[in-house]
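Report on the structure given below.
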Amino acid sequence: MGDLVVFCDRDSLETRYLTEFLSERRVPQNLFYLMNGADSFYSYRNAEVEQIPWRQEYDFFTRQALWTRGQRIGFVSLGCGNARPEQMLLRSLHRDGYDVAYFGVDSSDAMLTLAGETLENESFERSYVLADFGEPDFPSGLWRLVGGCDSRLFAMIGATFGNFDQTFIADLLGRLVPPNDYVYLDVVPMFQAEDQNGKLRARLSRVPENLSRFFDRLLGMLGLSLAQGRVVCTESGDGDLHTMRFTFHFEVESRITVSCLGTEADLLPGERIELLSIRAYDAESLKQFLEHRGFRFLDTYVPDIGHYSHLWQRLLFVKTA
Ligand SMILES: C[S@@+](CC[C@H](N)C(=O)[O-])C[C@H]1O[C@@H](n2cnc3c(N)ncnc32)[C@H](O)[C@@H]1O
């Protein structure tokens with residue numbers, strides 16, 4: 001493993017997330033990925049990662065002005081997971097003479113361990129940061145690590161951007177990213193044709209069934225038994241930002257007493273615990289949404305994803321103000 005930088009320890013993060021779960025009846029999405037949640041996630045995700053056409057991604061980046069060989073670029077992966085999605089891109093850039101330093105940020109130390117294993121034999125410089133990027137002091141802490149680079153790219157890969165409240169995450173990027181640095185987002189795009197959107201809608205709304213091991217592990221860890229409740233899905237949007245947003249709740253059917261952090265809490269029939277939101281985007285609307293927060297759209301591409309039925313779209317922005 002490269003350098004591990006710890007902004008806050010795992011136990012205090014876990015305590016905070018569990019407190020939020022109990023007090024707000026909402027599961028911070030970080031809880032999904034702690035401990036064996038990391039392996040459970042990649043038991044599904046690794047098959048997708050193998051489909052990433054990294055040569056196409058390499059071509060996309062090398063045609064941008066930001067990758068000049070004389071410059072030292074910091075590639076900051078926010079929610080880096082096991083780092084496999086970016087591995088081949090970084091390896092190729094480094095091999096071809098680009099000066100790349102990698103910073104993998106994640107609130108799950110299990111994920112950072114996987115990232116360390118993925119990149120173990122790579123020869124570009126790399127650091128791993130155990131941190132919650134939503135913490136108020138995260139930008140200043142990160143800046144101490146990445147400030148020495150000539151330029152930085154802040155990536156959110158694997159639809160991570162779409163799991164957060166959109167105003168929260170866009171404002172956070174607005175605070176984190178200095179002028180002339182870059183943001184690189186990986187999102188699920190909507191289609192133009194309604195029948196294709198119908199299929200996408202059906203697929204997204206079934207995510208808990210399709211990723212049942214991943215969901216059931218979390219529910220089990222929190223004491224939310226499917227014998228006493230059910231997972232329900234609601235579709236909504238994000239106001240001016242045009243999205244197809246699916247939010248999954250655990251709806252209590254018979255009283256559940258959950259115990260964590262030395263306290264017990266009763267969940268009553270009809271109560272709902274928010275589990276996760278996922279989104280598909282109208283790319284034009286997303287560009288406008290970020291434009292209002294000082295990000296100018298630069299370029300985009302939709303990877304050729306082989307036999308997979310849904311698309312990803314990558315969008316690159318530069319911070320202007
Ligand atoms: C959807 S996964 C994507 C992982 C990886 N980028 C990929 O494409 O496979 C989201 C990742 O973000 C991390 N994460 C979620 N919220 C976070 C936060 N507030 N601070 C740091 N990491 C976070 C999770 O632990 C998880 O590894």
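Side chains are part of it too, since the values below use all heavy atoms of this structure and drop only hydrogens, waters and symmetry mates. For ligands, and for the atoms within them, numbers begin at 1 and follow the listed sequence.
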Taking N or O atoms only and a 3.5 Å limit, does [X] qualify as a polar contact for ligand 1?
| X | value |
| --- | --- |
| Asp132 | yes |
| Gln29 | yes |
| Ser107 | yes |
| Met111 | no |
| Ser108 | no |

Got a second to check how far [X]'s [atom1] is from [Y]'s [atom2], nearest 0.5 Å?
| X | Y | atom1 | atom2 | answer |
| --- | --- | --- | --- | --- |
| Leu172 | Arg293 | CG | CZ | 12.0 Å |
| Glu48 | Arg84 | CD | CZ | 11.5 Å |
| Asp181 | Leu173 | CG | CG | 12.0 Å |

Please report which non-hydrogen protein atom sits nearest to [atom], along with the residue it belongs to and the distance in Å to one decimal place.
| atom | value |
| --- | --- |
| atom 1 (C) of ligand 1 | Tyr33 OH, 3.3 Å |
| atom 6 (N) of ligand 1 | Gly79 O, 2.8 Å |
| atom 17 (C) of ligand 1 | Asn30 ND2, 3.3 Å |
| atom 25 (O) of ligand 1 | Asp106 OD1, 2.5 Å |
| atom 10 (C) of ligand 1 | Thr160 OG1, 3.4 Å |
| atom 20 (N) of ligand 1 | Phe133 N, 3.0 Å |
| atom 8 (O) of ligand 1 | Arg45 NH2, 2.7 Å |

Handout entry: Greater than 12 external heavy atoms within 6.0 Å of Asp195's CG
Key = yes
Problem - Residue among Thr62, Leu93, Asp99, Asp96 satisfying side-chain contact (heavy atoms from CB on, under 4.5 Å) with Arg69 - result: Asp96
Exercise for the section: Please determine which of Asp216, Leu218, Leu267 meets the side-chain contact (heavy atoms from CB on, under 4.5 Å) test together with Leu224. Expected result: Leu267
Please identify which atoms of ligand 1 are closer than 4.0 Å to at least one heavy atom of [X].
| X | answer |
| --- | --- |
| Pro85 | 7 (C), 8 (O), 9 (O) |
| Ala131 | 20 (N), 21 (C) |
| Tyr42 | 4 (C), 5 (C), 7 (C), 9 (O) |
| Phe164 | 16 (N) |
| Gly158 | 1 (C), 8 (O) |

Check for me whether [X] has a heavy atom closer than 4.0 Å to any atom of ligand 1.
| X | result |
| --- | --- |
| Ala155 | no |
| Phe32 | no |
| Phe41 | yes |
| Cys80 | yes |

Exercise for the section: With heavy atoms only and a cut-off of under 4.0 Å, state how Ala159 meets ligand 1: side chain, backbone, both or neither. Expected result: neither
Handout entry: Phe161, portion touching ligand 1 at heavy-atom distance under 4.0 Å
Key = neither
Strictly by modelled atom types, are [X] and [Y] linked by a side-chain donor-acceptor pair under 3.5 Å?
| X | Y | result |
| --- | --- | --- |
| Tyr182 | Arg152 | no |
| Thr243 | Asp238 | yes |
| Thr247 | Ser277 | yes |

Practice task
Let me know which of Arg255, His249, Arg25 forms a side chain to side chain donor-acceptor pair (under 3.5 Å) with Glu271.
Solution key: Arg25
Practice task
Apply the test side chain to side chain contact (heavy atoms under 4.5 Å, CB included) to residues Tyr128 and Met111: give CA-CA distance (whole Å), side-chain angles for both, the deciding distance (0.1 Å), then the verdict.
Solution key: CA-CA 10 Å; Tyr128 305 94; Met111 283 298 194; over 6 Å; no
Practice task
Would you confirm whether Ser107, through its side chain, and Ala131, through its main-chain N or O, come within 3.5 Å as a donor-acceptor pair?
Solution key: no
Problem - Cation-pi check, Arg91 onto Phe124 ring (under 6.0 Å, within 45° of axis) - result: no
Handout entry: Chi angles and distances behind the side-chain hydrogen bond (donor to acceptor under 3.5 Å, both in side chains) call for Glu194, Asn197
Key = CA-CA 5 Å; Glu194 254 329 292; Asn197 276 334; 3.3 Å; yes
